[in-house]
Every structure is written in C-alpha cells, then in structure tokens.
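Structure, as structure tokens:
Worth saying up front: this structure is predicted, and the values here are computed from it rather than measured.
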Amino acid sequence: MRIRTKAIVLATLKYGDSSLIARAFTSEAGLQSFMLKGILRSRKGKLKPAFFQPLTQLEVIARTNPSGKLGYIQEALLSYPYTTVHSDIRKSTIALFLSEILGQCIREENPDPSLFEFLEASLQWLDQHDKIANFHIGFLIGLTRHLGFYPDTNNSEAPFFDLIEGAFCREPSLNPCMSGAELGHFRMFLGTNFDAIHTIRLTQKQRQLLLNQLVSYFEVHLHGFNKPRSLVVLDAVFS
C-alpha cells in the first residue's frame, strides 16, 4: 500500500555494506519497518543517512507490505528540521535514550494519532528549549498516559506508590513500591507540563534514582521491556 505520512525514526540497523533497515512510528500506519537499499553508498539519492538519526521527524512517501515484510521509502523530507537535538550532546543523548525506550514500547502497526502528536510536540519542545535536565522524566511520565498505565493520582498524599498497581497506597504491599524522597520527587512531576518542569529542583543523584524507578515502572507494565543500555550514557552525560 502506498502512503504519504509523517514518521518518527525509532532505530536503524545496518544491512550489508550499504543498506539500512529503519523502524519508524508513522502517523498513518503505526509502527513500520523499511529497507533503505544502498543508502550508505549513494550520494545522489533522494534518501540521506542523516534523515535516519534517532527521533528525526520526517514526511515520507512509502510502500508498506501488509504481509509483514519490509516496506520501502520512495521519498523523504524533514517535516521538522531539528536545530539542536542532534548537535547538543545532552539532547542527542536524551534522544538516544528515548528512542531505545520507544523502540520497546511501540509494537503495534495500528495508527495512534494521540501518541504520535505527543511524540511530535514533545520532541519539538526539546529542540526549542535549554532547561532540559528533567525533560526525559517528564516525557516518560507523559508517555505512560498513552501506553495505558499513567499513575492513579487518587490518594496522592499517601506515603507509598505501588509500581504494579500504579496507585498510591497507605501501607506497603509485597509489590515493589516507591517511597520516601523519590516518591516526593515523583509526585512533583505529576500534572507538571514541560514548560514548568525546570522548576523542580533535583540533584543529579536524585534525578538518577527517580529515573531508575520509572524504568522499573515500565518493566513491570510492559512484557519484555528491558532496562535501556543507553541509561549508563545518560547518567554519564548529566553527571
């Protein structure tokens, strides 16, 4: 099927000496994989390797294959040219981390316009702002809303948060729970939009501990989800 759609690149895999396989989340066809034949060799082709960096926003004309085989992209243009995401080491590290997260979270070929709009707007916000130390934490919490396990904020003053139930509770259960200072920091992010997250003051260690709790939250709610390898790089860049 021929489609014209916006797409956000999640990952690429080198295939042979000159080709790439790209996984992208599209607005019209959900998750799709495309063969980019000869893209690393051709200098005059319509497709450029730079278009397929993590989380690049494209508009593509592509052929998808309903049998599950690889599709291919006929034309690609930047739908939103980043000015800082791929040149600022902090932002490019966040993009690498989030692309790894999204690669594990997005598994359906069905389109999800609400999720696509969230990703598109969030990444453009990242590109346009400088106070981004808390961005990935706010992003992950916002992402849970689209994945179906946004925290239940009833009883949010309770001293524990049950990661499996996704709810605040007054007594700890046998389930893994968040409590103490980390829970206080977590609570501050709930309902806080990107424009205000820089007002949440955290040390790097506090941010790291909270991020690890959020990764654990994803692990218990998404079957097969593994701790991202880029988490170590993220910690190093922001330390």
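Of the options Asn212, Asn134, Asp235, a side-chain hydrogen bond (donor to acceptor under 3.5 Å, both in side chains) to Arg207 is made by Asn134 and by none of the others. Among Lys69, Glu109, Gln32, the single residue meeting the side-chain contact (heavy atoms from CB on, under 4.5 Å) criterion with Thr64 is Gln32.
Residues Gln57 and Tyr82 bring a donor and an acceptor atom of their side chains to less than 3.5 Å of each other. Between the side chains of Asn65 and Tyr72, no donor-acceptor pair of N or O atoms lies under 3.5 Å. Between the side chains of Lys37 and Ser19, not a single donor N or O lies within less than 3.5 Å of an accepting N or O. Between the side chains of Asn193 and Asp195, not a single donor N or O lies within less than 3.5 Å of an accepting N or O. Ser230 and Glu100 share a donor-acceptor pair across their side chains, judged by distance under 3.5 Å alone.
Ring orientation note: the planes of Phe225 and Phe218 are tilted relative to one another, at an angle of 30° to 60°. Note on ring orientation: taking the six-membered ring where Trp is involved, the planes of Phe168 and Phe186 are tilted (angle from 30° to 60°).
Contact of the Val85 side chain with the Leu123 side chain is not registered, since no non-hydrogen atoms from C-beta on lie closer than 4.5 Å. The shortest distance between side-chain heavy atoms of Ile21 and Leu70 falls below 4.5 Å.
A donor-acceptor contact shorter than 3.5 Å links the side chain of Asp127 to the backbone of Thr84.
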Determine whether Glu117 and Lys6 satisfy the following criterion, salt bridge (charged side-chain N to carboxylate O under 4.0 Å, His left out), listing intermediate values before the conclusion. CA-CA 10 Å; Glu117 289 169 10; Lys6 287 185 175 182; over 6 Å; no
Carefully, step by step, assess Ser156 and Leu190 under the rule side chain to side chain contact (heavy atoms under 4.5 Å, CB included). CA-CA 10 Å; Ser156 62; Leu190 298 176; 5.6 Å; no
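Taking the ring centroids of Phe118 and Phe116, they lie at or beyond the 6.0 Å cut-off. Phe149 has its ring centre less than 6.0 Å from the ring centre of Tyr217.
Counting heavy atoms of neighbouring residues, nucleotides and ligands inside a 6.0 Å radius, atom OH of Tyr15 does not exceed 12 of them.
Rounding to the nearest 0.5 angstrom, the gap separating the SG atom in Cys177 from the CG atom in Leu183 is 9.5 Å. Residue Arg2 holds its CZ atom at 6.0 Å from CZ of Arg63, rounded to the nearest 0.5 Å.
With respect to Glu59 and Arg4, a salt bridge is recorded, a charged nitrogen being found less than 4.0 Å from a carboxylate O.
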